[in-house]
Amino acid sequence: MELNLVGRAPEGLSRRARSLLGGHCVRVDVTPVESNRAWWLERGIPPEQIDRMAAFQDRWGGLLLPPSQQYEGGPKYFDPDVPEEDADGWWFGAGMQRASVDFSFMIGPDDSFGIHARRWTPLHASVDGWVESVALAYHARMWSRSVTRVTGDDVDALPLADCDAVPEVRGLADTWWRGEDLLVALHTGEALCRDAPGARTAYVYSGLDAWGLDV
């Protein structure tokens, strides 16, 4: 597998995400979507869905991020594959799992990024949101004085009412919150996907100064 520098980061990302991509990420060679277009068309895949996969690959294909704290690290790298249809529309794989997990990483009909096992659970409204979330986690770990992990029902006691949502992560099942001197990452994707409320997990990054809170 050949590794390449990321080069210019996709447009629209925060400075923090661009910094992560430029300093901690590489791209690997992946099979171009166009090489499978004829095969998919013969099997009834609409051309606009193949176009959607090609656009995803143009923006994210082959990008290998540092591992996420949740979901056993996230996709190994982004690589669209296997378009499928159900009553809600068309889906495609976002990339192979980095570790052995019982869910797949998928792009939904509305371009949301999430996991699919017992049910579809969108984590972020776009892949951009996932990338921003990974970048924010690395930023917060570097600049916080302490990190506290909270799970299950204890998540309900977090003071999120006193915090503002971080919009860049485009949070759905997974969200980020900014308080006076802290950042909170709330992960509920696996809990929703598996009907397991006890799997809810939050990380509280506290003791942040103005630079650390620059989101």
Side-chain angles (χ1 to χ4, degrees), residues 5-27 59-60 63-78 94-95 98-99 105 112-115 121-192 198-215:
L5 297 177
V6 171
R8 187 172 182 177
E11 295 183 1
L13 295 177
S14 68
R15 177 183 60 186
R16 178 184 56 252
R18 295 196 305 271
S19 176
L20 178 78
L21 265 60
H24 302 279
C25 301
V26 295
R27 285 190 188 268
R59 185 170 177 83
W60 299 114
L63 181 65
L64 195 162
L65 295 170
S68 165
Q69 291 185 106
Q70 294 295 112
Y71 311 103
E72 294 293 332
K76 187 174 183 180
Y77 51 85
F78 292 125
R98 190 186 297 260
F105 296 100
S112 57
F113 172 86
I115 56 175
T121 304
L123 305 178
H124 303 272
S126 69
V127 178
D128 294 51
W130 169 265
V131 174
E132 292 282 0
S133 180
V134 173
L136 187 51
Y138 274 75
H139 172 89
R141 284 202 301 273
M142 179 175 294
W143 297 103
S144 62
R145 294 183 179 179
S146 66
V147 182
T148 303
R149 184 173 181 264
V150 182
T151 61
D153 291 341
D154 291 340
V155 167
D156 295 328
L158 293 171
L160 298 185
D162 300 326
C163 300
D164 296 319
V166 178
E168 292 95 328
V169 302
R170 299 165 171 83
L172 296 174
D174 285 9
T175 53
W176 276 82
W177 301 83
R178 180 181 182 271
E180 183 177 352
D181 65 347
L182 56 79
L183 288 165
V184 180
L186 178 58
H187 303 282
T188 67
E190 290 189 63
L192 293 171
R200 291 181 298 164
T201 302
Y203 296 91
V204 181
Y205 303 89
S206 56
L208 290 162
D209 58 15
W211 172 255
L213 292 169
D214 181 18
V215 299

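Keep in mind that this is a model prediction, so the values were computed, not measured. The figures that follow rest on heavy atoms only: side chains count, while hydrogens, waters and symmetry mates do not.
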Quiz item: Do L172 and F113 have side chains that get closer than 4.5 Å, going by heavy atoms?
Solution: no
Quiz item: Atom OG of S126 and atom CH2 of W60: how far apart are they, to the nearest 0.5 Å?
Solution: 8.0 Å
Quiz prompt | Pairwise distance OG1(T175) to CG(L160) - rounded to 0.5 angstrom | solution = 7.0 Å
Quiz item: About how many Å separate OG1 of T188 and CD of Q70, when rounded to the nearest 0.5 Å?
Solution: 10.5 Å
Practice problem: Look up atom OG in S68 and atom OH in Y138, then write down how far apart they are to the nearest 0.5 Å. | Solution: 8.0 Å
Exercise. Taking the side chain as every heavy atom from C-beta outward, state whether R59 and F78 have any atom pair closer than 4.5 Å.
Key: no
Quiz prompt | Atom pair CG (L65) and NZ (K76), whose distance is rounded to the nearest 0.5 Å | solution = 14.0 Å
Quiz item: Is it true that the side chains of T201 and T151 contain a donor and an acceptor less than 3.5 Å apart?
Solution: no
Quiz item: Can you name the closest pair of heavy atoms from G189 and T121 and give their distance?
Solution: O-CG2, 3.7 Å
Quiz item: For P10 and L21, which heavy atoms make the closest approach, and how far apart are they?
Solution: CD-CD2, 3.7 Å
Self-check item: Side chain proximity check, V147 to S206, heavy atoms < 4.5 angstrom
Solution: no
Quiz item: Just by modelled atom types, is the L208 backbone N or O under 3.5 Å from a matching donor or acceptor in the R145 side chain?
Solution: no
Quiz item: Does any pair with a residue in residues 160-179 pass ring-ring contact (aromatic ring centres under 6.0 Å, His included), and if so which ones, sequence neighbours excluded?
Solution: W176-Y205
Exercise. Output yes when a side-chain donor or acceptor of E168 lies under 3.5 Å from a complementary backbone atom of S14, and no otherwise.
Key: no
Quiz item: Shortest non-hydrogen contact from L182 to C163?
Solution: CD1-SG, 4.1 Å
Quiz item: Going by heavy atoms in the side chains, are L158 and V150 under 4.5 Å from each other?
Solution: yes
Quiz item: Measuring from R170:CZ to S112:OG, what's the distance to the nearest 0.5 Å?
Solution: 12.5 Å
Self-check item: Closest approach of L213 to E180 (non-hydrogen atoms, all atoms of both residues)
Solution: CD1-O, 3.1 Å
Quiz item: Between D174 and L186, is any pair of side-chain heavy atoms under 4.5 Å apart?
Solution: no
Quiz item: Salt-bridged, R200 to D154, with N to O below 4.0 Å?
Solution: no
Quiz item: Is there a donor-acceptor pair closer than 3.5 Å between any side-chain N or O of S144 and the backbone N or O of A140?
Solution: yes
Self-check item: D156 atom CG, over 12 foreign heavy atoms within 6.0 Å
Solution: yes
Practice problem: Provide the closest heavy-atom pair for G212 versus H139 in the form atom of the first, atom of the second, distance. | Solution: O-NE2, 3.0 Å
Practice problem: Verify, without hydrogens or angle tests, whether R98 (side chain) and P75 (backbone) share a donor-acceptor contact under 3.5 angstrom. | Solution: yes
Quiz item: So do the side chains of P66 and H24 get within less than 4.5 Å of each other, counting heavy atoms only?
Solution: yes
Self-check item: Parallel, tilted or perpendicular: ring planes of H124 versus W130, cut at 30 and 60 degrees
Solution: perpendicular
Practice problem: Measure across L63 and C25 and return the closest heavy-atom pair with its distance rounded to 0.1 Å. | Solution: CD1-CB, 4.0 Å
Quiz item: Do the non-hydrogen side-chain atoms of P67 and V134 ever get within less than 4.5 Å of each other?
Solution: no
Exercise. Using atom types as modelled and distance alone, determine if a side-chain donor or acceptor of D162 lies under 3.5 Å from a backbone N or O of G179.
Key: no
Self-check item: Heavy atoms from other residues, nucleotides or ligands near CD of E72 exceed 12 (cutoff 6.0 Å)
Solution: no
